[in-house]
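Working notes for the structure below.
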Amino acid sequence: MDTEHRSNFLRTQIQNDLNAGIVDRVVTRFPPEPNGYLHIGHAKSITVNFGLAEQFGGVCNLRFDDTNPEKESQRFIDAIKSDVSWLGYQWDGDVRYASSYFQQFYEWAVHLIESEKAYVCDLSADEAREYRGTLTTAGRDSPYRNRPIEENLRLFESMRAGEMEEGACVLRAKIDMASPNINLRDPTLYRIRKVAHHQTGDDWVIYPTYDFAHGQEDAIEGISHSICTLEFEDHKPLYDWFIENLPVPSRPRQFEFARLNVNFTVTSKRKLKLLVDSGVVSGWDDPRMPTIAGMRRRGYTPTALRHFCEEVGTSRSDGVVDVAMLESAVRNDLNRQAPRAMAVLNPLALELTNLDDAEILQIPNHPADEIMGKREVRLSPRIWIDREDFRQEANKKFKRLVLGKRVRLRGAYVIEAERCELDDQGEVIKVYASIVPQTLGGDPDDGVKAKGVIHWVDAETGVEAEIRSYDRLFTVEDPSRADNFDDVINPHSLLVTRGIVEMGLASVQPETRFQFEREGYFVADRYDHAAGAPVYNRVIGLRDTWTSHE
RNA sequence: UGGGGCGUCGCCAAGCGGCAAGGCAGCGGGUUUUGAUCCCGCCAUUCGGAGGUUCGAAUCCUCCCGCCCCAGCCA
């Protein structure tokens, strides 16, 4: 799919493994827990995992890491599958579920008990924490640590049979309570949770922890490179311990990369959920959300997202990527693939005093791509222009319409403003202008060129549309550090107005993207746009190197 | 002051002992019926700091400094 690959440590690692014959086929996996919507950080993980498989001719699985039924649901599974597909990736075979390996995990847990490497511990959560010690002091052995194998077997079976209450006990690995790596201080393998599971129903009342499940899931699926984020590096010794002490079918290895952070946005499920629950945004797929569903609705493209992830690279150093990089990727793709059209966001009436009958003009859909063809646009005596594009007087830097001066109507004639009407407040309510003859395909004969070009929409055929202009959700670079979310929410992140769009824009399919010339990129809303009642979201404005110079 | 990571241009990031890629942002200039795009040019004698090894170090060694992660029966 994407052909250019810049160097990074994962690609180097995999290439070396292939060269050395350590692996003969690359198999990766994207393993989300279905407890929320995917966000930009997951997009990174998806492109890394699927991208690596693609580059090296391997495959990538989509596996739901559903070991904690309390927070998970089918709704999230559906949303995640949809997001991955939308990004343009196809997982190998069927979707996998950690829950479909529960019986195997149970048997492996019994295996550990039988080899005296796991035991049932009756310590309460609080007691266990106390026994665990601290970062600088060793932990103490649980008083249940040396229960006989038979007793452990009996107790574990009892846990599984639902004869124990939640929290009464857990199954723990017997490793080293004095390890400087806290993950090795007899970690929990199984806990009792008497809740129905979205996939396995009431089959189980004990569920494996991430640590006990993940590596074995990878082993079962023959994952060659298990890629995760940096915070799991401390878990690798444990990951390897299970692989070494269990009769697993393969020996996957874990590699970690730094998670993606983007300034002016938050990427933690907890905080995103807070935005949704507090009503700051309309939902997980609100166009201002950094969720994949949100960015999709905003009008971002899969290609832009994939290129963005490739451009930021994959390394092991923590960093914060400038959101401008994401916006650049979006503009870059849209500039290439979005047809041009005209829409007046802030309508001001203009009458062409010397145009008797309407004309049909042929206007190119893309300035650099003839293949996109041309469209017919009607020009009648009454049109709309943007209020920002007219001034009664202005200095020479103002390249738009000024009384007594000329400007080019995009794709049409050069016009000259004659006079304007004001209301009681002194606001301009209508402009009268005349067409300069012979200027359809060229400059005026008298040599007085137009100062600039403005967009317009025919008043007779233009259609009123709802325009949703989005801006960044937060006012500060690092919103996650704010004490109170309310202090850093941008109160102007959504501005709803009514504009006039050219006729053709009213009947397109939802999610069709355009560049509204001189304004920015817009997308017909995925849900609310309808023929005859157009709703457009501003994806991103055009790059602007001028307003700050005025 | 336990363990594990990371420090290369404002931001991201290549580089793996031979003399600092690229992208984003920024700044100049050109083209332009989008103040867009496109094009051209500029933008780290220097790689967290200090020593050392070497003919030669961002790359190897030592010490120091800074930042991130770990004490869920979350993932």
Side-chain angles (χ1 to χ4, degrees), chain A residues 6-8 12 31-33 35 65 67-68 70-71 121 123-125 128-130 132-139 166-172 179-185 187-193 207 209-211 213-214 228-237 256 258 260 263 269 307-308 310-329 331-332 335-336 340 342 363-364 366-368 397-400 407-414 439-443 450 452-455 515-520 541-547 549-550:
Chain A
R6 60 195 64 210
S7 171
N8 69 48
T12 302
E33 182 187 14
N35 67 347
D65 215 352
T67 57
N68 185 0
E70 285 177 317
K71 305 182 297 180
C121 177
L123 251 24
S124 70
R129 178 162 53 247
E130 208 175 297
R132 187 153 38 234
T134 71
L135 295 178
T136 52
T137 61
E166 278 192 24
C169 56
V170 297
L171 182 71
R172 302 175 71 178
S179 172
N181 181 342
I182 291 181
N183 295 120
L184 263 20
R185 321 242 263 226
T188 299
L189 270 37
Y190 266 97
R191 71 284 216 197
I192 300 167
R193 284 285 177 282
Y207 292 95
T209 56
Y210 163 86
D211 283 319
H214 207 90
C228 60
T229 42
L230 252 26
E231 68 269 27
F232 290 101
E233 185 150 34
D234 287 343
H235 294 245
K236 184 150 59 180
E256 315 83 21
L260 172 67
N263 63 9
K269 274 180 190 166
H307 284 175
F308 167 69
E310 177 62 26
E311 276 158 14
V312 299
T314 304
S315 75
R316 288 176 59 85
S317 58
D318 289 306
V320 182
V321 172
D322 193 336
V323 69
M325 227 164 143
L326 209 207
E327 296 173 342
S328 168
R331 286 197 185 96
N332 188 36
N335 173 54
R336 200 169 42 72
R340 311 289 122 122
M342 292 193 283
I363 299 181
H366 196 287
K397 282 189 170 180
F398 188 73
K399 293 167 59 179
R400 311 177 190 180
V407 80
R408 161 80 63 183
L409 287 181
R410 178 65 163 161
Y413 299 94
V414 169
T439 52
L440 192 50
D443 291 328
V453 181
I454 64 172
H455 58 284
Q515 181 197 99
F516 287 174
E517 296 212 53
R518 301 209 313 129
E519 291 288 0
L542 253 27
R543 186 158 164 271
D544 183 358
T545 53
W546 174 75
T547 49
H549 292 231
E550 196 183 17

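Reminder, nothing fancy here: chain letters follow the sequence lines and each chain counts from 1.
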Salt bridge (charged side-chain N to carboxylate O under 4.0 Å, His left out) involving A:K236 - partner list, sequence neighbours excluded: A:E256

Polar-atom pairs under 3.5 Å, protein N or O versus N or O of nucleotides 15-19 of chain B: list them with distances, or write none.
{"residue": "B:G15", "atom": "OP1", "partner": "A:S7", "partner atom": "OG", "Å": "2.3"}

Kindly write out the residues that satisfy side-chain contact (heavy atoms from CB on, under 4.5 Å) with A:P364, not counting sequence neighbours, or none if the list is empty. A:K374

With respect to the phosphate group of B:U1, does any side-chain polar atom (N or O) of A:T136 fall under 4.0 Å of OP1 or OP2? no

Considering only nitrogen or oxygen atoms on both sides, find all protein atoms under 3.5 Å from nucleotides 40-42 of chain B and state each distance.
none

With sequence neighbours excluded, residues passing side-chain contact (heavy atoms from CB on, under 4.5 Å) with A:R132: A:R129, A:I182, A:R185

With A:H214, which residues qualify under ring-ring contact (aromatic ring centres under 6.0 Å, His included), at least two apart? A:Y210

Base, backbone or nothing for each nucleotide of nucleotides 68-75 of chain B, written B, S, -, heavy atoms under 4.0 angstrom, 5' to 3'? SBBBSBSB

Which pairs, protein N/O on one side and nucleotides 23-26 of chain B N/O on the other, fall under 3.5 Å?
none

Salt bridge (charged side-chain N to carboxylate O under 4.0 Å, His left out) with A:E233: which residues, sequence neighbours excluded? A:R316

With sequence neighbours left out, the residues meeting salt bridge (charged side-chain N to carboxylate O under 4.0 Å, His left out) with A:R340 are none

Applying salt bridge (charged side-chain N to carboxylate O under 4.0 Å, His left out), name anything that partners A:R193, two or more places apart in sequence or on another chain. A:E70

Nearest-angstrom distance from the residue atom CD of A:Q515 to P of B:U34: 11 Å

Which residues share a side-chain contact (heavy atoms from CB on, under 4.5 Å) with A:P32, sequence neighbours left out: A:F30, A:L38, A:L62, A:F64, A:I80

Please report the distance separating the P of B:C47 from the corresponding atom of B:G30, rounded so that it comes out in whole Å. 37 Å

Distance-only donor-acceptor test (3.5 Å): side chain A:E519, base B:U34: no

